Amino acid sequence: MPSRLQTIIATSAVALFSVVGSAQAQTTVKFWHSFSKANGKALEQIIGNFEAANPEIHVEAEFIGNYNDIVTKLQAAIPARRAPDAVIMEVTRYGLFADRGVLIDLTPYFDADPLKADLYDYAREVGVYKGKNYIVPFNSSTPVLYYNKDILARAGYTSEPSLKTFDDILAVSKTITEKLGSEGISGIAAPGQFARWGLVMSNDSELLDAKTDEVLLDKPNTIEAYQWMASLVHEQKVASPDGVTDEDVGRDAFYAGKVGISLNSTGDYGGARKALGDKLAVRAMPCNKTCSVPIGGAGIGILSTSSKDVQDAAYKFISYAASPEANAIWFAATGYLPINKKSAALPVAVDALATQPGIDVAIKQLEFAHGRARPPVVTWMRTTEYKMWEAMALGQRGVEETIKDFAAQTRDEAKRASN
């Protein structure tokens with residue numbers, strides 16, 4: 001009896017240690033991201049599918065906030081040794097962290113990954129900084145023009161008006177405001193930063209030259225674009241000032257049927273469609289002087305502070321997140337661009353293209369979409385641009401004066417950052 005009991009105990013111990021050993025063998029990847037609500041649920045599905053296929057890896061995903069929040073919190077977490085293993089990085093701001101050695105060079109992983117051949121050219125390009133690959137794209141986007149068909153009809157439009165130039169958009173916005181302003185409806189939401197960059201590009205200019213990193217903020221076409229954008233708020237009064245100080249206010253007002261036109265990311269499609277249903281119309285960004293839109297969104301990078309085994313596990317997840325299966329789920333649920341050439345042929349993407357009008361507009365814009373400069377100064381520039389925009393849009397300071405001052409500060413900061 002004792003020998004049998006000993007055998008049972010020994011067998012149980014082996015089983016226990018086997019379970020414990022298996023649990024300990026699982027690699028955890030701490031992943032910071034910027035997706036909530038419907039986008040967050042789609043991400044959860046992708047992570048769940050990955051973990052089911054890779055039970056040896058656990059992705060511990062944490063919503064941190066928007067892209068700005070991620071930059072701020074990552075800068076604080078690194079010296080405190082609380083950094084994640086993988087992180088979503090907006091496509092113009094990861095250069096700062098690549099320069100400082102915070103992100104590892106993914107080129108050895110990426111070059112050996114069959115995924116590389118499946119990505120669109122634009123998707124491969126957005127992760128390259130100084131000839132090395134630091135992020136693999138996940139959520140890629142361009143800005144698009146949304147409008148509420150019901151609001152335009154109530155404002156007297158019996159057919160779709162032209163929305164191809166700044167003058168076109170202003171004319172429609174004024175009509176909406178004049179006809180429906182007494183009901184608390186504005187013609188247009190104050191454009192957010194991504195849309196502002198797009199409007200500058202549609203006016204045949206840029207904030208920074210994408211090839212040389214030259215500051216173009218004070219070029220005449222850039223100034224002209226900002227003058228038009230600011231006039232929507234403080235001069236023409238077709239956009240509410242509330243959306244200037246908080247971009248989400250303008251977006252939410254559009255969702256609530258209180259704004260006629262909104263210029264926003266294609267990644268906003270899912271939320272807009274859910275809020276407005278068949279009232280939603282999606283069109284290309286205006287081609288004021290040229291057709292040109294920025295490629296935005298983000299990719300996933302890996303932290304240099306993580307151990308090699310965790311980095312390997314993190315890349316495995318990153319590669320899966322850009323796979324046809326994961327990317328098709330993401331595109332159909334959110335409206336973000338397909339980054340994988342094979343995604344659109346999968347049933348979930350085919351169904352989305354057939355049943356969700358306008359989800360393909362951003363894809364059609366890719367023929368004139370461009371990547372943007374991503375040197376370290378961009379992080380500073382984009383943070384500072386919010387304050388400059390607020391001063392201009394609220395009429396606190398003249399546009400030309402503000403932009404020229406901003407350009408000078410950006411050049412000084414670029415020099416300081418390069419020393």
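Computation of the quantities below employed the complete heavy-atom set of this structure, encompassing side-chain atoms and omitting hydrogens, waters and symmetry-equivalent molecules. As the structure is a prediction and not an experimental result, all values here were calculated from the model.
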S141 side chain to G297 backbone, donor-acceptor under 3.5 Å | yes
Kindly determine whether V200 and M229 satisfy side-chain contact (heavy atoms from CB on, under 4.5 Å), including the steps that lead there.
-> CA-CA 10 Å; V200 167; M229 291 185 281; 4.1 Å; yes
Pair Y336, N39: side-chain N/O donor-acceptor within cut-off below 3.5 Å | no
Between atom CD1 of I403 and atom CE of M388, what is the distance when rounded to the nearest 0.5 Å?
-> 8.0 Å
Is atom NZ of K289 surrounded by more than 12 heavy atoms (other residues, nucleotides or ligands) closer than 6.0 Å?
-> yes
Would you say the side chains of D85 and S306 form a donor-acceptor pair under 3.5 Å?
-> yes
Stepwise side-chain contact (heavy atoms from CB on, under 4.5 Å) check, I329 with N49 | CA-CA 11 Å; I329 290 170; N49 291 349; 3.6 Å; yes
Give a yes or no on whether the backbone of P143 and the side-chain of Q365 come within a donor-acceptor separation of less than 3.5 Å.
-> yes
Minimum side-chain heavy-atom gap F138-I318 below 4.5 Å | no
Do we see a donor-acceptor contact under 3.5 Å between the side chains of D113 and Y315?
-> yes
Are Q227 and E235 side-chain neighbours, meaning at least one heavy-atom pair lies under 4.5 Å?
-> no
Decide yes or no for I300 and F317: does some side-chain heavy atom of the first lie under 4.5 Å from some side-chain heavy atom of the second?
-> yes
Can you list the residues that meet the side-chain hydrogen bond (donor to acceptor under 3.5 Å, both in side chains) rule with S262, with sequence neighbours excluded?
-> none
Which atom of A210 lies closest to which atom of D213, heavy atoms considered = O-OD1, 4.5 Å
Using distance alone, with no hydrogens and no angle criterion, decide if D105 and T107 have a side-chain donor and acceptor under 3.5 Å apart.
-> yes
Under 3.5 Å: donor-acceptor pair, side chain of T266, backbone of G335 | yes
Distance from L106 atom CG to I135 atom CD1, nearest 0.5 Å?
-> 9.0 Å
What is the minimum heavy-atom distance between I64 and K73, and which atoms define it?
-> O-NZ, 3.1 Å
The reported gap from CD1 in I151 to CD1 in I261 (rounded to nearest 0.5 angstrom) is 9.5 Å
May I ask you to check whether E224 and N203 show a side-chain donor-acceptor distance below 3.5 Å?
-> yes
How about N221 and S205: does a side-chain donor come under 3.5 Å of a side-chain acceptor?
-> no
So do M89 and I70 actually touch side chain to side chain, heavy atoms under 4.5 Å?
-> yes
Short question: side chain of R411, backbone of V215 - any donor-acceptor pair under 3.5 Å?
-> yes
Donor-acceptor side-chain pairing of N54 and Y320 below 3.5 angstrom | no
Answer yes or no: does atom NZ of K341 have more than 12 heavy-atom neighbours from other residues, nucleotides or ligands under 6.0 Å?
-> yes
Please confirm whether the backbone N or O of L208 pairs with a side-chain atom of R372, one donor and one acceptor, at under 3.5 Å?
-> no
Flag side-chain contact, heavy atom, 4.5 Å: K316 against E56 | yes
Interatomic spacing from CG in L303 to CG in L103 - rounded to 0.5 Å | 6.5 Å
When rounded to the nearest 0.5 angstrom, what distance separates OG in S343 from CG in L119?
-> 9.0 Å
So W330 and F35, would you call those rings parallel, tilted or perpendicular, with 30° and 60° as cut-offs?
-> perpendicular
Check whether the side chains of S162 and D168 place a donor and an acceptor atom closer than 3.5 Å, and report yes or no.
-> yes
Could you pull out the closest heavy-atom pair between M285 and A195, with the gap in Å?
-> CE-O, 4.0 Å
Any donor and acceptor pair, going by atom type alone, linking the side chain of D405 with main-chain N or O of T402 inside 3.5 Å?
-> no
Is the shortest distance from a Lys or Arg side-chain nitrogen in D412 or R416 to a carboxylate oxygen in the other one below 4.0 Å?
-> no
Between R124 and D121, is there a side-chain N and carboxylate O pair less than 4.0 Å apart?
-> yes
Indicate whether the side chain of T175 and that of Y157 have a donor and an acceptor atom separated by less than 3.5 Å.
-> yes
Establish, from distance only, whether the side-chain atoms of T28 and Q26 form a donor-acceptor pair under 3.5 Å.
-> no
Run the numbers on T27 and V310 for side-chain contact (heavy atoms from CB on, under 4.5 Å), then give the verdict.
-> CA-CA 7 Å; T27 302; V310 173; 3.9 Å; yes
side-chain contact (heavy atoms from CB on, under 4.5 Å) between R82 and K30: does it pass, once the steps are laid out?
-> CA-CA 10 Å; R82 293 184 290 102; K30 294 181 180 179; over 6 Å; no
Should the pair K211-E206 be classified as a salt bridge under the 4.0 Å nitrogen-to-oxygen rule?
-> no
Verdict with reasoning, Y109 to N133, per side-chain hydrogen bond (donor to acceptor under 3.5 Å, both in side chains) | CA-CA 9 Å; Y109 287 110; N133 218 107; over 6 Å; no
Heavy-atom side-chain proximity of N66 to S34 below 4.5 angstrom = no
Can you check whether A332's main-chain N or O pairs, donor with acceptor, with Q356's side chain at less than 3.5 Å?
-> yes
Which atoms form the tightest heavy-atom contact between F254 and V259, and what is the distance?
-> CD1-O, 3.3 Å
State, yes or no, whether a side-chain contact exists between Y269 and V144 at a heavy-atom distance under 4.5 Å.
-> no
For F194 against P294, the heavy-atom pair lying closest together | CE1-CG, 3.6 Å
Does L145 offer a backbone N or O that forms a donor-acceptor pair with the side chain of R283 under 3.5 Å?
-> no
For A284 and V361, which heavy atoms make the closest approach, and how far apart are they?
-> N-CG1, 3.6 Å
Test item: Y122 side-chain N/O and G371 main-chain N/O as donor-acceptor pair under 3.5 Å | no
Is it true that the side chains of S307 and D309 contain a donor and an acceptor less than 3.5 Å apart?
-> yes
Flag side-chain contact, heavy atom, 4.5 Å: E60 against F31 | no
Is R273 paired with D278 through a side-chain N to carboxylate O contact shorter than 4.0 Å?
-> yes
Hey, does the side chain of K237 reach the backbone of H234 with a donor-acceptor pair shorter than 3.5 angstrom?
-> yes
Look at R382 together with E385 and state whether they make a salt bridge at an N to O cut-off of under 4.0 Å.
-> no
Measure the spacing between CG of L43 and CD1 of I88 and express it to the nearest 0.5 Å.
-> 7.5 Å
